[in-house]
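A quick write-up on the structure given underneath.
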Amino acid sequence: KEIEHYAMPMKSIPEALNLRYMVLQNLEEAILKPSKEERAPFLSFVLVGAGPTGVELAGALAELRNHVLNKDYPELMKEEMKVYLVDFLPKVLGSFSDEGSKAAEDFLHKMGVEILLNVKVESFDGKEIKFEGGKSILTKNVIWSAGVMGVVPEGVSKDAIEKDNRIKTDTICRVAGSTNIFAIGDVAAMITEETPKGHPGVAQVAIQMGETTGKNIYRLIKGEPTVPFKYNDKGSLATIGRNKAIADLGKLKFQGFFAWLIWMFVHLISLMGGRNRVIVFINWVASYVTYNGGSRLIIRNFKREELVQKDEQVSKPD
Ligand SMILES: Cc1cc2nc3c(=O)[nH]c(=O)nc-3n(C[C@H](O)[C@H](O)[C@H](O)COP(=O)(O)OP(=O)(O)OC[C@H]3O[C@@H](n4cnc5c(N)ncnc54)[C@H](O)[C@@H]3O)c2cc1C
(Lines give C-alpha, C1' and ligand atoms only; values in the text may rest on other atoms or scores of the structure.)
Protein backbone atom coordinates (compact mmCIF):
# COMPACT_ATOMS: atom_id res chain seq x y z
CA LYS A 1 0.00 0.00 0.00
CA GLU A 2 2.80 2.38 0.98
CA ILE A 3 4.72 1.67 -2.23
CA GLU A 4 1.54 2.04 -4.29
CA HIS A 5 1.05 5.48 -2.72
CA TYR A 6 4.50 6.89 -3.36
CA ALA A 7 5.87 5.07 -6.40
CA MET A 8 4.98 6.23 -9.91
CA PRO A 9 3.02 3.77 -12.02
CA MET A 10 3.08 3.73 -15.82
CA LYS A 11 0.08 1.81 -17.00
CA SER A 12 -1.87 4.49 -18.85
CA ILE A 13 -1.10 7.56 -20.97
CA PRO A 14 -1.96 10.06 -18.16
CA GLU A 15 0.39 8.11 -15.85
CA ALA A 16 3.13 8.15 -18.48
CA LEU A 17 2.69 11.94 -18.83
CA ASN A 18 2.85 12.34 -15.03
CA LEU A 19 6.06 10.39 -15.08
CA ARG A 20 7.52 12.58 -17.82
CA TYR A 21 6.80 15.75 -15.81
CA MET A 22 8.07 14.21 -12.60
CA VAL A 23 11.40 13.39 -14.26
CA LEU A 24 11.76 16.87 -15.78
CA GLN A 25 10.65 18.67 -12.60
CA ASN A 26 13.04 16.69 -10.44
CA LEU A 27 15.93 17.52 -12.78
CA GLU A 28 14.95 21.20 -12.47
CA GLU A 29 14.68 20.83 -8.71
CA ALA A 30 18.15 19.26 -8.55
CA ILE A 31 19.70 22.39 -10.11
CA LEU A 32 18.48 24.42 -7.13
CA LYS A 33 20.19 22.18 -4.56
CA PRO A 34 23.61 23.43 -3.56
CA SER A 35 25.24 20.16 -2.49
CA LYS A 36 25.75 16.79 -4.13
CA GLU A 37 24.02 15.07 -1.18
CA GLU A 38 20.92 17.25 -1.55
CA ARG A 39 20.81 16.70 -5.32
CA ALA A 40 21.20 12.90 -5.10
CA PRO A 41 17.54 11.97 -4.28
CA PHE A 42 16.29 14.08 -7.20
CA LEU A 43 18.80 12.51 -9.59
CA SER A 44 18.37 8.86 -8.57
CA PHE A 45 15.82 6.88 -10.58
CA VAL A 46 14.83 3.45 -9.30
CA LEU A 47 12.80 1.23 -11.63
CA VAL A 48 11.20 -1.74 -9.91
CA GLY A 49 10.55 -4.68 -12.23
CA ALA A 50 13.00 -5.66 -14.97
CA GLY A 51 10.37 -6.83 -17.47
CA PRO A 52 10.03 -5.12 -20.87
CA THR A 53 8.56 -1.91 -19.35
CA GLY A 54 11.32 -1.56 -16.74
CA VAL A 55 14.07 -2.36 -19.24
CA GLU A 56 12.72 0.06 -21.85
CA LEU A 57 12.33 2.83 -19.24
CA ALA A 58 15.84 2.21 -17.89
CA GLY A 59 17.21 2.51 -21.43
CA ALA A 60 15.25 5.71 -22.06
CA LEU A 61 16.43 7.34 -18.80
CA ALA A 62 20.03 6.29 -19.49
CA GLU A 63 19.80 7.90 -22.94
CA LEU A 64 18.38 11.06 -21.37
CA ARG A 65 21.41 11.18 -19.10
CA ASN A 66 23.94 10.26 -21.78
CA HIS A 67 22.72 12.50 -24.59
CA VAL A 68 20.46 15.23 -23.19
CA LEU A 69 21.44 16.10 -19.61
CA ASN A 70 24.57 18.12 -20.46
CA LYS A 71 22.69 20.05 -23.14
CA ASP A 72 19.54 20.91 -21.15
CA TYR A 73 21.07 21.09 -17.69
CA PRO A 74 24.72 22.13 -18.02
CA GLU A 75 24.77 22.77 -14.25
CA LEU A 76 24.38 19.05 -13.56
CA MET A 77 27.12 16.44 -13.83
CA LYS A 78 26.13 13.42 -15.91
CA GLU A 79 27.70 11.10 -13.34
CA GLU A 80 25.34 12.37 -10.64
CA MET A 81 22.25 11.00 -12.38
CA LYS A 82 21.82 7.34 -11.42
CA VAL A 83 19.48 4.80 -12.99
CA TYR A 84 18.83 1.59 -11.03
CA LEU A 85 16.86 -1.38 -12.35
CA VAL A 86 15.69 -3.73 -9.60
CA ASP A 87 14.10 -7.17 -9.74
CA PHE A 88 13.80 -10.11 -7.39
CA LEU A 89 14.37 -12.51 -10.29
CA PRO A 90 17.95 -13.49 -11.18
CA LYS A 91 17.73 -12.00 -14.71
CA VAL A 92 16.31 -9.07 -16.62
CA LEU A 93 13.54 -9.74 -19.19
CA GLY A 94 12.57 -12.91 -17.32
CA SER A 95 10.13 -14.04 -20.02
CA PHE A 96 12.71 -13.77 -22.84
CA SER A 97 15.32 -16.31 -23.98
CA ASP A 98 18.58 -16.50 -21.98
CA GLU A 99 20.55 -14.93 -24.85
CA GLY A 100 18.04 -12.07 -25.17
CA SER A 101 18.11 -11.49 -21.44
CA LYS A 102 21.94 -11.55 -21.32
CA ALA A 103 22.21 -9.13 -24.25
CA ALA A 104 19.74 -6.73 -22.60
CA GLU A 105 21.81 -6.80 -19.42
CA ASP A 106 25.01 -6.07 -21.38
CA PHE A 107 23.40 -3.18 -23.26
CA LEU A 108 22.10 -1.65 -20.03
CA HIS A 109 25.49 -2.04 -18.29
CA LYS A 110 27.22 -0.28 -21.17
CA MET A 111 24.67 2.55 -20.97
CA GLY A 112 25.47 2.97 -17.25
CA VAL A 113 22.35 1.42 -15.69
CA GLU A 114 23.00 -0.25 -12.33
CA ILE A 115 21.17 -3.58 -12.29
CA LEU A 116 20.19 -5.05 -8.93
CA LEU A 117 18.97 -8.64 -9.35
CA ASN A 118 17.74 -11.09 -6.70
CA VAL A 119 16.75 -7.98 -4.75
CA LYS A 120 13.33 -7.56 -3.18
CA VAL A 121 11.83 -4.15 -2.41
CA GLU A 122 10.69 -3.85 1.18
CA SER A 123 9.36 -0.31 1.42
CA PHE A 124 9.33 3.18 -0.08
CA ASP A 125 8.15 6.19 1.89
CA GLY A 126 8.60 8.83 -0.80
CA LYS A 127 12.17 9.55 0.34
CA GLU A 128 14.02 6.25 0.69
CA ILE A 129 13.55 2.87 -0.95
CA LYS A 130 14.59 -0.06 1.23
CA PHE A 131 15.48 -3.54 0.03
CA GLU A 132 15.47 -6.83 1.85
CA GLY A 133 18.92 -7.37 3.35
CA GLY A 134 19.42 -3.77 4.48
CA LYS A 135 20.49 -1.88 1.32
CA SER A 136 18.63 1.35 0.62
CA ILE A 137 18.70 4.30 -1.80
CA LEU A 138 17.62 7.87 -1.12
CA THR A 139 15.39 8.82 -4.02
CA LYS A 140 12.36 10.84 -5.03
CA ASN A 141 11.87 8.75 -8.16
CA VAL A 142 10.61 5.20 -7.80
CA ILE A 143 8.83 3.86 -10.85
CA TRP A 144 6.78 0.73 -10.38
CA SER A 145 6.73 -1.49 -13.46
CA ALA A 146 6.29 -4.83 -11.71
CA GLY A 147 2.98 -6.48 -12.39
CA VAL A 148 -0.45 -5.40 -13.57
CA MET A 149 -3.68 -5.83 -11.60
CA GLY A 150 -6.96 -6.37 -13.38
CA VAL A 151 -9.91 -4.03 -12.76
CA VAL A 152 -12.80 -6.33 -11.99
CA PRO A 153 -16.26 -4.77 -12.35
CA GLU A 154 -18.76 -5.24 -9.53
CA GLY A 155 -20.99 -8.27 -9.83
CA VAL A 156 -18.36 -10.79 -10.85
CA SER A 157 -18.47 -13.72 -8.43
CA LYS A 158 -15.55 -13.80 -5.95
CA ASP A 159 -14.96 -17.46 -6.90
CA ALA A 160 -14.10 -16.34 -10.42
CA ILE A 161 -11.33 -13.97 -9.30
CA GLU A 162 -7.80 -15.33 -9.62
CA LYS A 163 -4.38 -13.97 -8.56
CA ASP A 164 -3.72 -10.34 -9.58
CA ASN A 165 -7.46 -9.68 -9.93
CA ARG A 166 -7.80 -11.63 -13.14
CA ILE A 167 -11.11 -13.24 -14.02
CA LYS A 168 -11.17 -17.01 -14.40
CA THR A 169 -12.56 -18.13 -17.76
CA ASP A 170 -13.20 -21.36 -19.61
CA THR A 171 -11.48 -22.09 -22.93
CA ILE A 172 -13.82 -19.80 -24.87
CA CYS A 173 -13.10 -16.82 -22.57
CA ARG A 174 -16.45 -17.18 -20.79
CA VAL A 175 -16.35 -16.06 -17.16
CA ALA A 176 -16.40 -19.07 -14.83
CA GLY A 177 -19.93 -19.74 -13.61
CA SER A 178 -21.65 -17.57 -16.23
CA THR A 179 -23.25 -18.36 -19.57
CA ASN A 180 -23.00 -15.07 -21.43
CA ILE A 181 -20.27 -12.93 -19.84
CA PHE A 182 -16.81 -12.96 -21.39
CA ALA A 183 -13.41 -11.71 -20.19
CA ILE A 184 -10.58 -11.16 -22.68
CA GLY A 185 -7.04 -9.79 -22.65
CA ASP A 186 -5.15 -8.73 -19.51
CA VAL A 187 -8.14 -9.28 -17.22
CA ALA A 188 -8.73 -12.90 -18.32
CA ALA A 189 -7.15 -15.87 -16.53
CA MET A 190 -7.63 -18.90 -18.76
CA ILE A 191 -6.05 -21.55 -16.56
CA THR A 192 -5.40 -24.78 -18.43
CA GLU A 193 -2.71 -27.48 -18.29
CA GLU A 194 -0.85 -25.67 -21.07
CA THR A 195 -1.25 -22.26 -19.39
CA PRO A 196 -1.21 -22.86 -15.61
CA LYS A 197 -0.68 -19.13 -14.95
CA GLY A 198 -3.01 -17.92 -17.71
CA HIS A 199 -1.71 -16.07 -20.77
CA PRO A 200 0.89 -13.29 -20.70
CA GLY A 201 -0.45 -9.73 -20.41
CA VAL A 202 0.45 -8.62 -23.92
CA ALA A 203 -1.44 -7.00 -26.76
CA GLN A 204 -1.37 -10.07 -29.01
CA VAL A 205 -3.27 -12.14 -26.43
CA ALA A 206 -5.92 -9.41 -26.15
CA ILE A 207 -6.25 -9.06 -29.93
CA GLN A 208 -6.47 -12.81 -30.57
CA MET A 209 -8.89 -13.40 -27.67
CA GLY A 210 -11.04 -10.57 -29.05
CA GLU A 211 -11.16 -12.17 -32.49
CA THR A 212 -11.90 -15.69 -31.21
CA THR A 213 -14.51 -14.49 -28.72
CA GLY A 214 -16.31 -12.39 -31.34
CA LYS A 215 -16.58 -15.44 -33.60
CA ASN A 216 -17.63 -17.70 -30.71
CA ILE A 217 -20.42 -15.35 -29.59
CA TYR A 218 -21.73 -15.43 -33.17
CA ARG A 219 -21.52 -19.25 -33.14
CA LEU A 220 -23.38 -19.42 -29.80
CA ILE A 221 -26.15 -17.21 -31.19
CA LYS A 222 -26.47 -19.47 -34.22
CA GLY A 223 -26.37 -22.59 -32.00
CA GLU A 224 -23.12 -23.84 -33.59
CA PRO A 225 -20.25 -25.49 -31.68
CA THR A 226 -17.65 -23.04 -30.33
CA VAL A 227 -13.88 -23.21 -30.97
CA PRO A 228 -11.52 -23.09 -27.95
CA PHE A 229 -9.02 -20.22 -27.82
CA LYS A 230 -5.49 -21.10 -28.89
CA TYR A 231 -2.78 -18.47 -28.48
CA ASN A 232 -0.45 -18.01 -31.43
CA ASP A 233 2.70 -16.56 -29.82
CA LYS A 234 4.32 -14.35 -32.46
CA GLY A 235 7.31 -13.57 -30.22
CA SER A 236 8.56 -10.81 -27.93
CA LEU A 237 10.32 -7.53 -28.58
CA ALA A 238 11.92 -4.98 -26.27
CA THR A 239 13.87 -1.86 -27.21
CA ILE A 240 16.62 -0.55 -24.98
CA GLY A 241 17.80 2.47 -26.87
CA ARG A 242 19.50 3.66 -30.05
CA ASN A 243 20.34 0.63 -32.22
CA LYS A 244 19.68 -1.69 -29.30
CA ALA A 245 16.76 -4.08 -29.00
CA ILE A 246 15.97 -7.71 -28.31
CA ALA A 247 13.78 -9.81 -30.60
CA ASP A 248 12.75 -13.36 -29.67
CA LEU A 249 10.68 -14.60 -32.59
CA GLY A 250 10.32 -18.33 -31.97
CA LYS A 251 13.54 -19.95 -33.15
CA LEU A 252 14.75 -16.67 -34.63
CA LYS A 253 16.53 -14.52 -32.07
CA PHE A 254 18.18 -11.18 -32.75
CA GLN A 255 19.90 -8.67 -30.53
CA GLY A 256 21.15 -5.18 -31.39
CA PHE A 257 20.65 -3.16 -34.58
CA PHE A 258 18.59 -5.66 -36.61
CA ALA A 259 16.30 -6.35 -33.62
CA TRP A 260 15.90 -2.58 -33.24
CA LEU A 261 14.80 -2.26 -36.90
CA ILE A 262 12.26 -5.07 -36.34
CA TRP A 263 10.99 -3.33 -33.17
CA MET A 264 10.52 -0.04 -35.03
CA PHE A 265 8.80 -1.68 -38.00
CA VAL A 266 6.37 -3.68 -35.82
CA HIS A 267 5.50 -0.67 -33.65
CA LEU A 268 5.11 1.66 -36.61
CA ILE A 269 2.69 -0.62 -38.48
CA SER A 270 0.75 -1.23 -35.23
CA LEU A 271 -0.07 2.49 -34.87
CA MET A 272 -3.56 3.55 -35.83
CA GLY A 273 -3.90 5.67 -38.96
CA GLY A 274 -1.52 6.35 -41.84
CA ARG A 275 -1.03 10.00 -40.80
CA ASN A 276 0.06 8.90 -37.33
CA ARG A 277 2.56 6.46 -38.79
CA VAL A 278 4.13 9.08 -41.07
CA ILE A 279 4.40 11.65 -38.25
CA VAL A 280 5.90 9.15 -35.80
CA PHE A 281 8.37 7.97 -38.46
CA ILE A 282 9.49 11.56 -39.17
CA ASN A 283 9.85 12.20 -35.42
CA TRP A 284 11.93 9.04 -35.00
CA VAL A 285 14.26 9.99 -37.87
CA ALA A 286 14.64 13.51 -36.41
CA SER A 287 15.40 12.11 -32.92
CA TYR A 288 17.90 9.65 -34.38
CA VAL A 289 19.79 12.29 -36.34
CA THR A 290 19.77 14.99 -33.65
CA TYR A 291 20.09 12.80 -30.51
CA ASN A 292 17.17 14.83 -29.20
CA GLY A 293 13.75 13.30 -28.48
CA GLY A 294 11.69 16.47 -28.91
CA SER A 295 11.09 19.48 -26.68
CA ARG A 296 11.05 18.88 -22.96
CA LEU A 297 8.53 21.52 -21.93
CA ILE A 298 6.90 21.24 -18.54
CA ILE A 299 3.28 22.04 -19.30
CA ARG A 300 1.68 20.83 -16.12
CA ASN A 301 2.93 21.08 -12.60
CA PHE A 302 3.00 17.53 -11.39
CA LYS A 303 3.35 16.99 -7.65
CA ARG A 304 3.19 13.42 -6.44
CA GLU A 305 2.56 14.66 -2.88
CA GLU A 306 -0.66 16.39 -3.98
CA LEU A 307 -1.93 13.21 -5.63
CA VAL A 308 -1.09 11.25 -2.50
CA GLN A 309 -2.94 13.77 -0.29
CA LYS A 310 -5.97 13.59 -2.60
CA ASP A 311 -5.85 9.77 -2.46
CA GLU A 312 -5.78 9.93 1.33
CA GLN A 313 -8.72 12.38 1.48
CA VAL A 314 -10.78 10.21 -0.87
CA SER A 315 -10.08 7.04 1.08
CA LYS A 316 -10.87 8.67 4.48
CA PRO A 317 -14.40 7.81 5.67
CA ASP A 318 -16.70 10.80 6.52
C1 LIG B 1 3.94 0.56 -20.18
C2 LIG B 1 3.38 -0.63 -20.91
C3 LIG B 1 4.01 -1.07 -22.06
C4 LIG B 1 3.50 -2.16 -22.75
N5 LIG B 1 4.15 -2.57 -23.88
C6 LIG B 1 3.68 -3.61 -24.57
C7 LIG B 1 4.31 -4.02 -25.77
O8 LIG B 1 5.31 -3.45 -26.20
N9 LIG B 1 3.78 -5.09 -26.43
C10 LIG B 1 2.67 -5.74 -25.97
O11 LIG B 1 2.21 -6.68 -26.63
N12 LIG B 1 2.04 -5.37 -24.84
C13 LIG B 1 2.52 -4.31 -24.13
N14 LIG B 1 1.88 -3.93 -22.97
C15 LIG B 1 0.71 -4.69 -22.53
C16 LIG B 1 -0.52 -4.29 -23.33
O17 LIG B 1 -0.70 -2.89 -23.24
C18 LIG B 1 -1.74 -5.00 -22.76
O19 LIG B 1 -1.50 -6.39 -22.73
C20 LIG B 1 -2.97 -4.74 -23.62
O21 LIG B 1 -3.27 -3.36 -23.64
C22 LIG B 1 -4.17 -5.51 -23.04
O23 LIG B 1 -5.33 -5.14 -23.71
P24 LIG B 1 -6.72 -5.20 -22.97
O25 LIG B 1 -7.73 -4.80 -24.00
O26 LIG B 1 -6.87 -6.53 -22.31
O27 LIG B 1 -6.66 -4.17 -21.79
P28 LIG B 1 -6.47 -2.59 -21.83
O29 LIG B 1 -5.69 -2.15 -23.03
O30 LIG B 1 -5.99 -2.24 -20.48
O31 LIG B 1 -7.94 -2.05 -22.06
C32 LIG B 1 -8.94 -2.18 -21.06
C33 LIG B 1 -9.83 -0.96 -21.14
O34 LIG B 1 -10.95 -1.17 -20.32
C35 LIG B 1 -11.24 0.01 -19.62
N36 LIG B 1 -11.99 -0.33 -18.42
C37 LIG B 1 -11.56 -0.90 -17.28
N38 LIG B 1 -12.57 -1.07 -16.41
C39 LIG B 1 -13.67 -0.64 -17.01
C40 LIG B 1 -15.05 -0.56 -16.63
N41 LIG B 1 -15.47 -0.98 -15.44
N42 LIG B 1 -15.92 -0.06 -17.51
C43 LIG B 1 -15.51 0.36 -18.73
N44 LIG B 1 -14.24 0.32 -19.15
C45 LIG B 1 -13.33 -0.17 -18.31
C46 LIG B 1 -9.87 0.59 -19.33
O47 LIG B 1 -9.96 1.97 -19.07
C48 LIG B 1 -9.15 0.29 -20.65
O49 LIG B 1 -9.31 1.31 -21.59
C50 LIG B 1 2.36 -2.83 -22.27
C51 LIG B 1 1.73 -2.39 -21.12
C52 LIG B 1 2.23 -1.30 -20.44
C53 LIG B 1 1.55 -0.84 -19.18
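Counting starts at 1 for both ligands and their atoms, following the listed order.
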Asp106 bridged to Lys102 by N-O distance under 4.0 Å: yes
Protein contact for atom 1 (C) of ligand 1 (heavy atom, distance under 4.0 Å): yes
Flag: protein heavy atom within less than 4.0 Å of atom 6 (C) of ligand 1: no
Residue pairs fulfilling ring pair (Phe, Tyr, Trp, His ring centres under 6.0 Å) with at least one residue in residues 60-110, sequence neighbours excluded: His67-Tyr291
Partner residues of Phe265 under the side chain to side chain contact (heavy atoms under 4.5 Å, CB included) criterion, sequence neighbours left out: Ile269
Under-4.0 Å salt bridge between Lys168 and Glu162: yes
Atom 32 (C) of ligand 1 touched by protein (heavy atom, under 4.0 Å): no
Atoms of ligand 1 close to Gly185 [distance to a heavy atom under 4.0 angstrom, numbered from 1]: 26 (O)
Salt bridge flag under 4.0 Å for residues Arg39 and Glu80: yes
Trace of the side chain to side chain donor-acceptor pair (under 3.5 Å) decision for Ser236 with Asp248: CA-CA 5 Å; Ser236 304; Asp248 277 3; over 6 Å; no
Centroid separation His199 to Phe229 less than 6.0 Å: yes
Ligand 1 contact by Val187, heavy-atom criterion under 4.0 angstrom: no
Protein contact to atom 30 (O) of ligand 1 [nearest heavy atom, distance to 0.1 Å]: Asp186 OD2, 4.6 Å
Pair Glu128 + Lys140: basic N to acidic O under 4.0 Å: no
Close-contact set for ligand 1 against Met10 heavy atoms, below 4.0 Å: 1 (C), 53 (C)
Nearest neighbour of atom 24 (P) of ligand 1 from the list Gly150, Ala16, Ala206, on a heavy-atom basis: Ala206
Any non-hydrogen protein atom less than 4.0 Å away from atom 19 (O) of ligand 1: yes
Proximal ligand 1 atoms for Gly201, defined as those under 4.0 Å from one of its heavy atoms: 15 (C), 19 (O)
Polar contact flag, side-chain donor to acceptor under 3.5 angstrom, Gln25-Glu29: no
Atom 12 (N) of ligand 1: nearest protein contact (heavy atom, Å): Ala203 N, 3.3 Å
Per-atom contacts of ligand 1 with Thr53, taking only distances under 4.0 Å to non-hydrogen atoms: 1 (C), 2 (C), 3 (C)
Atom 37 (C) of ligand 1: the protein heavy-atom neighbour that sits closest, reported with distance to 0.1 Å: Val151 CB, 4.5 Å
Contact check, side chains of Glu15 and Leu19, non-hydrogen atoms, under 4.5 Å: no
Atom 47 (O) of ligand 1 protein-contacted, heavy-atom criterion under 4.0 angstrom: no
Atom 42 (N) of ligand 1 touched by protein (heavy atom, under 4.0 Å): no
CA sep, side-chain torsions, deciding dist, call: Asp98, Lys91, salt bridge (charged side-chain N to carboxylate O under 4.0 Å, His left out): CA-CA 9 Å; Asp98 284 346; Lys91 63 178 205 169; 2.8 Å; yes
Atom 51 (C) of ligand 1 touched by protein heavy atom at under 4.0 Å: no
Protein non-hydrogen atom below 4.0 angstrom of atom 10 (C) of ligand 1 present: yes
Test item, His267 contacting ligand 1 (heavy atom, 4.0 angstrom): yes
